[in-house]
Peer 1: 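There's a structure below that I have some questions on.
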Amino acid sequence: MSALLRVAKAIDFTNEWIGRSLAWLTLGMVLVTFVVVLLRYVFGLGWTVLQESVVYMHALVFMGCAGFALVHNGHVRCDIFYGAASPRAKAVIDIIGTFLFLIPMCILIFWVTWPYAAASWAILEGSPEGRMGIPAVFVLKTLIVVFAGLLAIQAVALVLHSALFLAGVVPSRGTFDGEVELGE
């Protein structure tokens, strides 16, 4: 196994682990939303922290699992062309698309949101609801930077997998082929 393939598989493993771990928050969102509805409509109580926690969990799942979705080819492509393409053509499309669109988009998101998150950290920005909310809006804003980073490193893995396939080093094309398991 080449060093580049090991790097790509390590990135796959990282995003796979993060995605599988954060996916459990979807169950948490359902349960907390149920509690919020129950408290509000049965007992007439509102609890801002619980309501905001659903937003935080949703942000963690959405932003943290973007790399996981790319591991499993879950991102949107123009399937009219991509779906009918040969494996070699898909590898070329993945490389060109990653360098032309995905990596520049990740760099732009990182570049724009870094000062946004840093300014929030500087004042330890809290909830607009004051003491009733979660005092960690700075963490939510940091998730945008993390999103760009996780997606960018997975983009590197996608390019490595595609390039190694085109070079004949690996027999199957794709970022996650099931060989990397969480226990390795």
Side-chain angles (χ1 to χ4, degrees), residues 8-79 97-98 100-158 175-176 180-184:
K9 286 185 176 279
I11 294 170
D12 289 345
F13 173 81
T14 301
N15 272 311
E16 178 75 15
W17 184 85
I18 290 169
R20 287 182 185 260
S21 299
L22 291 178
W24 285 99
L25 288 176
T26 56
L27 176 61
M29 285 189 294
V30 170
L31 295 174
V32 172
T33 300
F34 173 76
V35 169
V36 166
V37 169
L38 186 70
L39 286 173
R40 171 162 293 162
Y41 295 106
V42 175
F43 299 105
L45 300 171
W47 203 352
T48 306
V49 171
L50 280 180
Q51 292 170 317
E52 286 187 1
S53 73
V54 174
V55 173
Y56 280 68
M57 287 186 278
H58 184 261
L60 269 167
V61 170
F62 182 82
M63 300 286 183
C65 291
F68 174 80
L70 188 56
V71 169
H72 293 281
N73 292 315
H75 285 272
V76 175
R77 289 189 175 99
C78 189
D79 284 338
T98 299
L100 204 59
F101 300 111
L102 184 55
I103 290 176
M105 184 213 52
C106 290
I107 291 169
L108 178 65
I109 290 171
F110 189 86
W111 182 63
V112 169
T113 60
W114 181 265
Y116 178 67
S120 187
W121 272 90
I123 61 170
L124 295 176
E125 186 177 2
S127 172
E129 298 298 323
R131 294 183 336 171
M132 300 298 290
I134 299 174
V137 170
F138 58 94
V139 173
L140 275 179
K141 291 182 178 182
T142 303
L143 286 176
I144 305 169
V145 177
V146 171
F147 157 77
L150 289 174
L151 198 55
I153 64 168
Q154 193 58 50
V156 169
L158 175 61
T175 54
F176 186 77
V180 177
E181 295 180 11
L182 293 177
E184 284 187 341

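No experiment lies behind these values; they were computed from the predicted model shown.
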Peer 1: So how far is it from Ile103 CD1 to Ile153 CD1, rounded to the nearest 0.5 Å?
Peer 2: 11.5 Å
Peer 1: Do Val55 and Gln51 touch side chain to side chain, with heavy atoms closer than 4.5 Å?
Peer 2: no
Peer 1: For residues 60-70, pull every pair meeting side chain to side chain donor-acceptor pair (under 3.5 Å), keeping only residues two or more places apart or in separate chains.
Peer 2: none
Peer 1: What distance separates Leu38 CG from Arg40 CZ, expressed to the nearest 0.5 Å?
Peer 2: 12.0 Å
Peer 1: Please tabulate, one pair per line, all N/O donor-acceptor pairs under 3.5 Å involving side-chain atoms of residues 121-134, not counting sequence neighbours.
Peer 2:
from, atom 1, to, atom 2, distance (Å)
Trp121, NE1, Thr142, OG1, 2.5
Glu125, OE1, Ser120, OG, 2.7
Glu125, OE1, Lys141, NZ, 2.7
Glu125, OE2, Lys141, NZ, 3.2
Ser127, OG, Glu52, OE1, 3.2
Ser127, OG, Glu52, OE2, 2.5
Ser127, OG, Glu129, N, 3.0

Peer 1: Can you list every pair that meets side chain to side chain donor-acceptor pair (under 3.5 Å) and has a residue in residues 22-33, with sequence neighbours left out?
Peer 2: none
Peer 1: Can I get a per-line list of side-chain donor-acceptor pairs under 3.5 Å for residues 56-68, giving both atom names and the distance, sequence neighbours left out?
Peer 2:
from, atom 1, to, atom 2, distance (Å)
Tyr56, OH, Ala136, O, 3.2
Tyr56, OH, Val137, N, 3.3

Peer 1: When you look at His75 and Leu151, which way does the side chain to side chain contact (heavy atoms under 4.5 Å, CB included) test go after all the steps?
Peer 2: CA-CA 11 Å; His75 285 272; Leu151 198 55; 3.9 Å; yes
Peer 1: Would you compute the distance between atom CG of Leu150 and atom CG of Leu70 and round it to the nearest 0.5 angstrom?
Peer 2: 11.0 Å
Peer 1: As an exercise, state the distance from CG of Leu50 to CG of Leu31, rounded to the nearest 0.5 Å.
Peer 2: 11.5 Å
Peer 1: If you compare all heavy atoms of Ala148 against all heavy atoms of Cys106, which two are closest, and at what distance to 0.1 Å?
Peer 2: CB-O, 3.6 Å
Peer 1: Can you tell me which residue pairs pass the ring-ring contact (aromatic ring centres under 6.0 Å, His included) test with a partner in residues 30-55, sequence neighbours excluded?
Peer 2: none
Peer 1: Test of understanding: with ring pair (Phe, Tyr, Trp, His ring centres under 6.0 Å), list the residues that count as partners of Phe110, not counting sequence neighbours.
Peer 2: Trp114
Peer 1: Mind checking the CD-CD spacing from Gln154 to Glu16? Nearest 0.5 Å is all I need.
Peer 2: 9.5 Å
Peer 1: To the nearest 0.5 Å, how far apart are CG in Leu108 and OG1 in Thr113?
Peer 2: 9.0 Å
